[in-house]
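In what follows, a single structure is set out as structure tokens and then discussed.
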Number of protein chains: 2
Amino acid sequence: MHQFQEISTRFEAYLKQPGIFPEQPANLYDPCRYLLEAGGKRVRPALCLMANELFGTITEDAFKAAAAIELFHNFTLIHDDIMDKAPLRRGKPTVHAKYGLTAGILSGDVMSIFSFDCLSRVNPVFLPRVLSVYNKTAVEVCEGQQWDMDFEVQETVSIEQYLHMITLKTSVLLAASMQIGAILGGATEAQAALLYEFGKNLGIAFQLQDDYLDTFGEEAKTGKQPGGDIRANKKTFLMIKCRELAGAAATQLLGELLLRDDEEKVEQVTGLLRDLEVDAISRSMIHEFSDKAFGNLEQLDIEPAKKQPLMALAAYLLNRQN
Amino acid sequence: MHQFQEISTRFEAYLKQPGIFPEQPANLYDPCRYLLEAGGKRVRPALCLMANELFGTITEDAFKAAAAIELFHNFTLIHDDIMDKAPLRRGKPTVHAKYGLTAGILSGDVMSIFSFDCLSRVNPVFLPRVLSVYNKTAVEVCEGQQWDMDFEVQETVSIEQYLHMITLKTSVLLAASMQIGAILGGATEAQAALLYEFGKNLGIAFQLQDDYLDTFGEEAKTGKQPGGDIRANKKTFLMIKCRELAGAAATQLLGELLLRDDEEKVEQVTGLLRDLEVDAISRSMIHEFSDKAFGNLEQLDIEPAKKQPLMALAAYLLNRQN
């Protein structure tokens with residue numbers, strides 16, 4: 001069994017093989033290469049390969065699927081960055097910022113087709129099953145992005161709606177990466193379904209932790225100044241919970257704070273979140289989903305030693321700080 | 001055997017079955033429904049179904065593939081209209097004009113995934129072959145759009161480059177529609193390849209005719225005022241050929257005309273095209289490709305009576321006026 005870092009390195013080498021994208025038209029494929037070569041942790045393809053290795057030596061098909069998933073993820077990044085008007089990604093200008101809007105749209109489109117093409121090349125005996133998981137997931141990711149945009153302009157969002165949104169936008173692709181890797185390794189339906197659940201719960205826990213660290217993380221460990229979401233008035237788990245718990249006075253205070261745009265705003269909102277114990281509620285929610293994820297992995301009828309790299313990766317992802 | 005109009009009507013009924021797109025999120029799927037229900041001639045899905053019927057009764061798989069192809073075509077229309085800043089499509093506001101840029105991007109994305117999903121549901125014995133044709137074609141359509149945009153800002157474009165561009169942007173999807181319909185009907189590789197060539201040559205002839213009619217068509221028959229391409233300084237077959245044939249004086253005149261923006265511009269450029277016999281050259285080019293298309297169909301080892309509806313459709317498409 002191989003650890004995340006080794007698997008990720010092997011995937012990086014696979015991705016660097018010549019020939020994913022043709023040379024011409026350069027204005028179409030240069031933006032694709034630019035983003036793909038800008039890096040990223042390659043968590044999704046690694047999860048696909050690690051799920052695959054649970055059932056034997058990593059197969060060529062698993063590499064194809066892993067590449068498909070990474071291409072799909074990068075395609076969504078290009079288009080999401082346009083929709084979010086984001087200037088930077090991975091510390092560099094976003095694709096549309098560097099190459100323009102039309103290049104961003106069309107390069108994303110062609111990258112998504114390359115993604116489907118990579119997946120279509122797996123052994124035909126697996127095709128109907130992996131395509132079914134993949135297409136369903138791809139649709140869900142778009143729906144998650146739509147809900148996220150809808151919520152931005154919506155007066156109130158419930159915790160349930162928020163969890164549904166992050167599940168679609170973030171978790172199902174992690175989940176599908178595991179499930180597809182497992183299917184291509186010869187897993188049974190039940191095994192593949194458990195690994196899907198593992199990925200899904202891990203993804204939800206990870207996203208909730210991301211929300212948590214944005215406000216309560218220490219700059220020395222997270223590498224970024226806390227309070228970005230508060231400054232941007234983002235409807236994160238913390239803010240939705242805060243609105244839910246706030247009495248009349250706290251609601252009024254929060255309403256006033258949201259209109260401000262100074263450093264004290266971050267301090268005061270953070271204080272309000274602590275007063276309402278939203279930080280503790282958030283931590284317990286993260287533990288709930290991470291417990292579910294580890295539970296899914298424990299249930300899997302595979303010898304425990306083989307699960308160790310996935311356990312280690314999950315622990316690493318979920319213990320970045322809290 | 002059924003004629004185009006009947007087939008197109010049957011496809012329309014198939015498309016109207018409930019359930020292609022879910023109700024929610026409405027902001028994601030309303031734009032998809034809006035464009036799909038705005039109509040269109042449904043030439044591509046009809047070609048798929050007609051190619052399928054050459055080999056027996058039209059199959060359920062052919063309807064799935066036809067829907068996939070129509071969804072893909074509509075996805076490209078949404079994104080192309082954004083890139084071209086087009087305000088109208090089929091006489092109605094374009095998707096981005098009606099719903100906004102982000103809705104246009106994301107609805108196009110999800111429509112493209114639904115397209116892949118429709119195709120993925122055909123009988124698994126056909127999957128690898130149809131996916132291979134489809135993915136290759138989808139990539140080519142994006143490349144065609146890129147070349148088209150590149151040519152807009154490029155000083156000179158050769159006839160060869162132009163033919164390559166329209167082949168990718170327009171013809172290969174018509175060609176693939178035929179090939180996929182044939183494969184799903186049980187055609188041999190050779191039969192499917194001939195039908196691909198038929199669709200490709202028909203598509204090139206049709207696009208060249210489109211260029212021709214934009215300048216030399218009669219308003220009473222085409223329904224639009226001639227000269228739109230000339231007014232917009234579009235690099236059509238006619239203009240590329242004109243530049244190729246023009247001597248020093250004509251080149252100078254053309255350069256001056258292109259800078260103008262009045263009604264006389266259209267008259268004078270049209271006159272120049274006639275002087276250089278570009279109209280006749282264009283007609284002979286259209287005939288060359290339409291002859292190739294009919295030749296492909298004649299070569300097909302299928303009883304001639306069965307080919308009649310395709311012959312009739314091709315004749316209709318290529319005899320709108322000239």
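Per chain, numbering begins at 1; letters A, B, ... match sequence-line order. All values reported here derive from a predicted model rather than from experimental measurement.
Looking at B:Asp117, both its backbone and its side chain come within 4.5 Å of chain A, counting heavy atoms on both sides. Only the side chain of A:Ile82 has a heavy atom closer than 4.5 Å to any heavy atom of chain B. For a residue to count as touching a neighbouring chain, one of its non-hydrogen atoms must lie under 4.5 Å from one of that chain's; by this rule A:Phe21 does not touch chain B. Of the two parts of A:Phe75, only the side chain, counted from C-beta on, holds a non-hydrogen atom closer than 4.5 Å to a non-hydrogen atom of chain B.
The local environment of CZ in A:Arg243 is sparse, with at most 12 non-hydrogen atoms from other residues, nucleotides or ligands closer than 6.0 Å. At most 12 heavy atoms of other shown residues, nucleotides or ligands fall within 6.0 angstrom of atom CZ in A:Arg121.
Of all residues in residues 139-147 of chain B, those placing a non-hydrogen atom less than 4.5 angstrom from a non-hydrogen atom of chain A are B:Val139, B:Cys142, B:Glu143, B:Gln145, B:Gln146, B:Trp147. Applying a 4.5 Å heavy-atom cutoff, none of the residues of residues 154-170 of chain B approach chain A. For residues 93-116 of chain A, the interface with chain B (any heavy-atom pair closer than 4.5 Å) comprises A:Leu101, A:Thr102, A:Ile105, A:Leu106, A:Asp109, A:Val110, A:Ser112, A:Ile113, A:Phe114, A:Phe116, sorted by residue number.
Of the listed residues A:Asp150, A:Thr76, A:Asn135, the one with more heavy-atom pairs under 4.5 angstrom with chain B than any other is A:Asn135. When each of A:Pro25, A:Pro22, A:Ser120, A:Ala138 is scored by its heavy-atom pairs under 4.5 Å with chain B, the top score falls to A:Pro25. In terms of non-hydrogen atom pairs under 4.5 Å with chain A, the most contact-rich of B:His79, B:Lys136, B:Gln24 is B:His79.
Residues A:Leu127 and B:Pro124 fail the side-chain proximity criterion, which asks for heavy atoms closer than 4.5 Å.
Under the rule for a side-chain contact (heavy atoms from CB on, under 4.5 Å), A:Ala193 has no partner lying at least two apart in sequence or in another chain.
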